[in-house]
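Excluded from the calculations below are hydrogen atoms, water molecules and symmetry mates; all remaining heavy atoms, backbone and side chain alike, are included.
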Amino acid sequence: SDRVMTQGGQSLKSSLVTEVAAQKGVASAVGALSLNVTKVDGSFTQGKAKSTTSGSGQQGGPGGQGDGTGAPQVQGGGASFDVNSYSVAGVDVTHQDLGPLATSKITTGKTFTASQTSAKVAVLSKSYAKENKKTVGKTLTISGTKYTVIGIATPDSSESATDVYLPLKQAQTLGDAKNKVTTIYVKATDSKQISTVKA
């Protein structure tokens, strides 16, 4: 099973993105949703209960006969589990020049198109794809939903903290966070406006 949580357990209304975009000195503002997925994979093996019998007719405690059986003992059984965590970012596919994917290059396949707002497609980070043996055209299943891998992204500088990129609407559905974002990326009209925009 997959446990999907918004990063930090908090979110903002996506209507705030429009409010931020309208501020003086702001060229553009884009919302994104960061999720953490914990995948638990494995199985339980049921043990078998066996009763141990003690000699019938044996004297019980005060008040009479024993019932002839001891406490049942469980034999065998156990559990074998594998737990993996990875990060997911919901990308506004209509504004990809700003946001979680803006600092990565698509090195294999392609990125999202503006029409894929609700498409079940994914872009993977190069390190995550390699570790999980995923290539373009393969599928990735999160909480029972299959996503087709359309591209592999390599971060421009240091390793990106994001493993999987999905269209924002898909990430919001997965994280049970409809119309919510966790981050708003802001671009100022020019460098002199940054302190005003921050304020």
Side-chain angles (χ1 to χ4, degrees), residues 1-12 14 17 20-21 27-42 81-188:
S1 69
D2 292 330
R3 186 166 181 248
V4 183
M5 300 280 287
T6 52
Q7 211 165 52
Q10 293 179 315
S11 57
L12 307 162
S14 52
V17 178
V20 172
S28 58
V30 172
L33 185 74
S34 295
L35 302 171
N36 284 321
V37 181
T38 306
K39 189 174 193 66
V40 182
D41 205 2
F81 283 94
D82 198 15
V83 179
N84 285 309
S85 288
Y86 58 94
S87 58
V88 172
V91 178
D92 183 340
V93 298
T94 61
H95 297 100
Q96 290 182 68
D97 54 331
L98 196 58
L101 249 182
T103 54
S104 291
K105 271 192 187 73
I106 301 294
T107 44
T108 314
K110 54 188 189 287
T111 189
F112 306 108
T113 63
S115 63
Q116 289 177 313
T117 50
S118 300
K120 288 174 182 162
V121 288
V123 169
L124 307 183
S125 73
K126 189 181 177 183
S127 55
Y128 181 85
K130 189 179 175 185
E131 196 183 316
N132 293 276
K133 296 179 174 64
K134 296 282 183 191
T135 52
V136 170
K138 286 202 172 178
T139 58
L140 173 75
T141 304
I142 312 172
S143 289
T145 304
K146 279 186 178 178
Y147 298 92
T148 303
V149 178
I150 58 165
I152 308 294
T154 306
D156 287 346
S157 52
S158 60
E159 261 316 285
S160 165
T162 304
D163 298 312
V164 177
Y165 301 89
L166 299 176
L168 182 56
K169 276 189 182 174
Q170 283 293 338
Q172 288 169 332
T173 303
L174 261 184
D176 197 18
K178 195 183 176 190
N179 298 323
K180 296 280 177 74
V181 294
T182 49
T183 312
I184 300 174
Y185 292 81
V186 184
K187 187 180 182 181

Working for side chain to side chain contact (heavy atoms under 4.5 Å, CB included), residues L174 and I142: CA-CA 8 Å; L174 261 184; I142 312 172; 3.9 Å; yes
For V88 and L166, run side chain to side chain contact (heavy atoms under 4.5 Å, CB included): C-alpha distance rounded to whole Å, both residues' side-chain angles, the deciding distance at 0.1 Å, then the answer. CA-CA 7 Å; V88 172; L166 299 176; 3.8 Å; yes
Does the side chain to side chain contact (heavy atoms under 4.5 Å, CB included) test come out yes or no for I150 and V136, once each step is laid out? CA-CA 5 Å; I150 58 165; V136 170; 5.6 Å; no
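For D2, the salt bridge (Lys or Arg N to Asp or Glu O under 4.0 Å) criterion is met by K39, not counting sequence neighbours. Residues that satisfy the side-chain hydrogen bond (donor to acceptor under 3.5 Å, both in side chains) test with T145, not counting sequence neighbours, are absent from this structure. Residues satisfying the side-chain contact (heavy atoms from CB on, under 4.5 Å) test with N132, not counting sequence neighbours, are Y128, K134. For V17, the side-chain contact (heavy atoms from CB on, under 4.5 Å) partners at least two apart in sequence or on another chain are A29, V181, I184. For T141, there are no side-chain hydrogen bond (donor to acceptor under 3.5 Å, both in side chains) partners, not counting sequence neighbours. Partners of K130 by side-chain hydrogen bond (donor to acceptor under 3.5 Å, both in side chains), not counting sequence neighbours: none found. The side-chain contact (heavy atoms from CB on, under 4.5 Å) check on S118 picks up K169, with sequence neighbours excluded. For T148, the side-chain contact (heavy atoms from CB on, under 4.5 Å) partners at least two apart in sequence or on another chain are T139.
Under the ring pair (Phe, Tyr, Trp, His ring centres under 6.0 Å) criterion, no residue pair touches residues 132-151, with sequence neighbours excluded. Annotation: side chain to side chain donor-acceptor pair (under 3.5 Å) contacts involving residues 86-106, sequence neighbours excluded, comprise S87-D163, D92-T94, D92-H95, Q96-T111.
Nearest approach of T162 to A89, heavy atoms of both residues: CG2-CB, 3.5 Å.
With a 4.5 Å cut-off on side-chain heavy atoms, T135 and V149 do not count as touching.
Taking CG from L33 and OG1 from T183, the interatomic distance works out to 8.0 Å, rounded to the nearest 0.5 Å. To the nearest 0.5 Å, the span separating NZ on K146 from CG on L140 amounts to 11.0 Å. For the atom pair CD of Q170 and NZ of K120, the computed distance is 6.0 Å after rounding to the nearest 0.5 Å.
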